[in-house]
Amino acid sequence: MSNTKLFSLVFVRNPEEILLGLKKRGFGENMWNGFGGKVESGESIIQGAIREVKEECGIIVEDLKKIGILQFQFEGAETVLEVHVFETYQYHGELTESDEMRPKWFNLKEIPFKQMWPDDEYWFPYMLRGELFKGYFLYRGQDLILKHNIETVEEL
Ligand SMILES: Cc1cc(-c2ccco2)c2oc(N)nc2c1
């Protein structure tokens, strides 16, 4: 029986920039990423996404568009992390650092890939070109990708 855990991951955009957060503790610590986390039982993926963004950086995101689905496995473990990736240009409220994340806007030409999950360099180009994507990554630890595939899809 497959053991799949659902996660959300949200990228807030403006035409020139992307909002990232530096993870201050726990899973993915000291890496810049979008905002998200585990989808809790009783909530939809979108509800979980909106909740995580508010908890992690204080803003309320609207008009979330699903742009990708990424599956991750770690060598030696059966669990599949299925990450639903969203993008939005719409939000309200004040950007606030939390215990979890330090938010910062990055120019699209200056994305800090060396301090992000290694898979990001593979699929960020799809996001930035406005293409929908599906991908799979097999990790050894948090910094070595053993196997991957990624493709553009017509619909998610
Ligand atoms: C294994 C893994 C997990 C996540 C994640 C956790 C919660 C939301 O996303 C990633 O995010 C990115 N960019 N690469 C990632 C790899």
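Atoms within a ligand are numbered from 1 in the order they appear, just like the ligands themselves.
- Closest non-hydrogen pair, E87 versus M127, comes out as OE2-CG, 3.7 Å.
- The stretch residues 47-75 participates, sequence neighbours left out, in these ring pair (Phe, Tyr, Trp, His ring centres under 6.0 Å) pairs: F72-F137, F74-Y139.
- Ring centroid separation for the pair F11 and W123 comes in under the 6.0 Å cut-off.
- Between the side chains of N3 and T79, at least one donor N or O lies within less than 3.5 Å of an accepting N or O.
- The local environment of NZ in K54 is sparse, with at most 12 non-hydrogen atoms from other residues, nucleotides or ligands closer than 6.0 Å.
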Identify all pairs of nitrogen or oxygen atoms, one from ligand 1 and one from the protein, separated by less than 3.5 Å, and list them with distances.
| unit_1 | atom_1 | unit_2 | atom_2 | d |
| --- | --- | --- | --- | --- |
| ligand 1 | 11 (O) | N33 | ND2 | 3.0 |
| ligand 1 | 13 (N) | N33 | OD1 | 3.1 |
| ligand 1 | 13 (N) | D120 | OD1 | 2.7 |
| ligand 1 | 13 (N) | D120 | OD2 | 3.4 |
| ligand 1 | 14 (N) | D119 | OD1 | 3.0 |
| ligand 1 | 14 (N) | D119 | OD2 | 3.0 |

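- Among Q73, H148, K147, the one residue that satisfies the side chain to side chain donor-acceptor pair (under 3.5 Å) test with Y136 is Q73.
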